[in-house]
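To keep things clear, I will list the structure first and then write my remarks on it.
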Amino acid sequence: MEIKKLRRTMLFCPATNPTMYIDAQMYKPDCLLFDLEDAVRYDEKDLARDLLAEALKSLSFGDIEVFARINPLYTEFGEADVRALVPAGLRRMRLPMCEKVEQVKELDALLTEVERAYGIEEGSCKIQCSLETPLGVWNALDLATASPRVISISFGAEDYTRLLGVDRTKDASELQFARQRVVNAAAIAKVDAIDTVWADFKDIDGFINEVKYARQIGFAGKSCIHPSQVGQVHDVFTPKMEDVEKSLVIIEAAEKAGIEKGGVVQVNGKMVDIPVIDKARRIVGLAKAAGLIK
Ligand SMILES: CC(=O)SCCNC(=O)CCNC(=O)[C@H](O)C(C)(C)COP(=O)(O)OP(=O)(O)OC[C@H]1O[C@@H](n2cnc3c(N)ncnc32)[C@H](O)[C@@H]1OP(=O)(O)O
Ligand SMILES: O=C([O-])CC(=O)C(=O)O
Ligand SMILES: [Mg+2]
């Protein structure tokens, strides 16, 4: 199974801080996520947008997939963000506080207009819906399938717990419903699900527990707020060599037995059939995408 793009880490970087976002590339996240929304003061929104537009025009980010978290279109800044950043080169945007299909369709239509006006390939600008309200979480599947531009959905626990009127706790039981709804919707829509930030970046054990849990239940990656989190997330989301080797043995045995389309064999005391072969292929695909094997 070919994994086209790893999105294990999306490192948030306030777009008002030029040094930080030049340095951010050094930490080698899979994705950089320049923030124009909550990390930017109200009176610096225009400055942040201008800085980011200049950076997109003048800097190269190599293999790193560059996203911007634009302001919602219902604010006075969202449309200006799109109109300035797409011509400057932005092709990926996170739409925060995303709740209704109409909001995705509105962004879709604006992107089509800007792509046409600037001769940019139509449909090349992609959307990540950020589900961080009870309604957004409820509508996860509708949002994930609202437009062919949607490549990913992310979960935002800080706003979600604020709106639920609860504390965000370390055992995270208050997030269980939302997380499972988000990963289930992403699996149906065949898009990536990205888990929420962990603000307490000095609490490494707590963070790693949460990252392991996110991977276990089906997230493809995690939003990060500090560079120290990038390597910690990559460690968890990159398959272990031992699992890659086991997967290669399973694939070889399946091919030898000719059971890729049905049938069953035993490999090292365990039953192997189609779901097991598919999972093994996924692990090998992830390992290849991470450069672990050729
Ligand atoms: C709920 C939400 O909406 S979350 C999303 C919005 N929030 C954000 O975008 C915040 C992103 N993170 C940050 O701004 C910062 O990490 C902070 C403010 C939390 C902490 O920053 P600092 O006090 O500078 O932390 P610290 O001293 O540990 O930083 C170490 C180095 O990493 C750099 N750094 C810290 N965070 C980042 C980042 N997100 N991206 C790139 N570089 C970073 C710092 O500039 C510093 O560099 P230096 O050593 O060259 O000076
Ligand atoms: O999307 C995120 O992870 C950060 C965020 O805005 C939130 O949690 O409200
Ligand atoms: Mg938020």
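Fair warning: this is a prediction, and the values are worked out from it, not measured in the lab. Counting starts at 1 for both ligands and their atoms, following the listed order.
Proximity of atom 48 (P) of ligand 1 to the protein is not indicated, since no non-hydrogen protein atom lies closer than 4.0 angstrom. Under the 4.0 Å distance rule, the nearest protein heavy atom to atom 25 (O) of ligand 1 falls inside the cut-off. Contact annotation for atom 3 (O) of ligand 1: protein present (non-hydrogen atoms, distance under 4.0 Å). Atom 8 (C) of ligand 1 is flagged as protein-proximal [any protein heavy atom, distance under 4.0 Å]. Closer than 4.0 Å to atom 28 (O) of ligand 1 lies at least one heavy atom of the protein. Counting protein heavy atoms under 4.0 angstrom from atom 17 (C) of ligand 1 gives zero.
Here Glu158 has heavy atoms under 4.0 Å from ligand 2 in both its backbone and its side chain. No part of Tyr21 comes within 4.0 Å of ligand 1, judged by heavy-atom distances. With a 4.0 Å cut-off on non-hydrogen atoms, Glu37 does not touch ligand 1 at all. Contacts with ligand 2 closer than 4.0 Å are made by backbone heavy atoms (N, CA, C, O) of Phe155 only, the side chain lying farther away. For Arg94, every heavy-atom contact with ligand 2 shorter than 4.0 Å involves the side chain, none the backbone. Under 4.0 Å from ligand 2, not a single heavy atom of Met10 appears.
Geometry note: the Mg ion (ligand 3) is the vertex, Asp159 OD2 and Glu132 OE1 are the arms, and the angle is 100° (rounded to 10 degrees).
Nearest protein heavy-atom contact of atom 50 (O) of ligand 1 is Asp23 OD2, 4.1 Å. Annotation: atom 44 (C) of ligand 1 to nearest protein heavy atom, Met20 CE, 4.2 Å. With respect to atom 14 (O) of ligand 1, the closest heavy atom belonging to the protein is Pro14 CG, 3.5 Å. In terms of protein heavy-atom proximity, atom 11 (C) of ligand 1 is nearest to Ile225 O, 3.3 Å. The nearest protein atom to atom 35 (C) of ligand 1, hydrogens excluded, is given as Pro227 CD, 3.5 Å; this is a heavy-atom distance. Regarding atom 39 (N) of ligand 1, its nearest protein heavy-atom neighbour is Phe12 O, 2.7 Å. Atom 19 (C) of ligand 1 has as its closest protein heavy atom Phe201 CE2, 3.9 Å. For atom 31 (C) of ligand 1, the nearest non-hydrogen atom of the protein is Tyr27 OH, 4.3 Å. Closest to atom 2 (C) of ligand 2, if we only count protein heavy atoms, is Gly156 CA, 3.6 Å.
Those atoms of ligand 2 that come under 4.0 Å of a heavy atom in Asp159, given as number and element, are 7 (C), 8 (O), 9 (O). Set against the non-hydrogen atoms of Thr196, the atoms of ligand 2 under 4.0 Å away are 2 (C), 3 (O), 8 (O). Annotation for ligand 1: atoms under 4.0 Å from non-hydrogen atoms of Ala24 are 41 (C). The Asp35 neighbourhood of ligand 1 comprises atoms 6 (C), with distances under 4.0 Å to a heavy atom of that residue. Listed by number with element, the atoms of ligand 1 under 4.0 angstrom from any heavy atom of Ala39 are 6 (C), 7 (N), 8 (C), 9 (O).
The shortest distance between side-chain heavy atoms of Cys13 and Leu33 does not fall below 4.5 Å. The side-chain heavy atoms of Leu292 and Met241, taken from C-beta on, include a pair separated by under 4.5 Å. Annotation: side chain of Val197 is not in contact with side chain of Cys224 (no heavy-atom distance under 4.5 Å). Contact check for Arg168 versus Glu174: side-chain heavy atoms found under the 4.5 Å cut-off. Counting only heavy atoms from C-beta outward, the side chains of Leu141 and Asn139 never approach each other to under 4.5 Å. Between Ile151 and Val191 the shortest side-chain heavy-atom distance does not fall below 4.5 Å.
Residue Met97 shares its hydrophobic cluster (ILVMFWY side chains chained together at separations under 4.5 Å) with Tyr74, Leu163.
Below 3.5 Å of separation, one finds no N or O of Glu158 facing any N or O of ligand 1. In terms of polar-atom proximity, Asp195 is not counted as a contact of ligand 2, lacking any N or O under 3.5 Å from an N or O of the ligand. When only interatomic distances are considered, the shortest N/O to N/O separation between His226 and ligand 1 falls below 3.5 Å.
Considering Met97, Glu132, Arg162, Lys222 only, the shortest heavy-atom separation from atom 7 (C) of ligand 2 involves Glu132.
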Test side chain to side chain donor-acceptor pair (under 3.5 Å) applied to Asp167 and Thr169, step by step: CA-CA 6 Å; Asp167 290 334; Thr169 66; over 6 Å; no

I would like to know whether Tyr160 and Phe155 meet ring pair (Phe, Tyr, Trp, His ring centres under 6.0 Å); could you show each step before the answer? CA-CA 9 Å; Tyr160 178 73; Phe155 174 51; 5.4 Å; yes

Walk me through whether Tyr42 and Glu76 qualify under side chain to side chain donor-acceptor pair (under 3.5 Å). CA-CA 11 Å; Tyr42 195 81; Glu76 63 193 279; 2.3 Å; yes

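The number of heavy-atom neighbours closer than 6.0 Å to NZ of Lys170, taken from other residues, nucleotides and ligands shown, is above 12. Other residues, nucleotides and ligands contribute only 12 or fewer heavy atoms inside 6.0 Å of the CG atom of Asn268.
The closest approach between a heavy atom of Arg69 and any atom of ligand 2 is below 4.0 Å. Ligand 2 is approached by Ala157 to a heavy-atom distance shorter than 4.0 Å.
With Glu44 contributing its side chain and Thr16 its backbone, the two residues share no donor-acceptor pair below 3.5 Å. Remark: the backbone N or O of Val137 is not paired with any side-chain donor or acceptor of Glu99 at under 3.5 angstrom.
Screening Asn71, Leu110, Leu95, Leu90 for a side-chain contact (heavy atoms from CB on, under 4.5 Å) involving Val82 leaves a single residue, Leu110.
The ring of Phe207 has its center no closer than 6.0 angstrom to the ring center of Phe201. In summary, the aromatic rings of Phe61 and Phe34 are positioned with their centroids under 6.0 Å apart.
Hydrophobic clustering, with ILVMFWY side chains joined whenever heavy atoms are under 4.5 angstrom apart, groups Leu111 together with Leu143.
Across all their heavy atoms, Lys261 and Ile274 have their closest contact at C-CD1, 3.5 Å.
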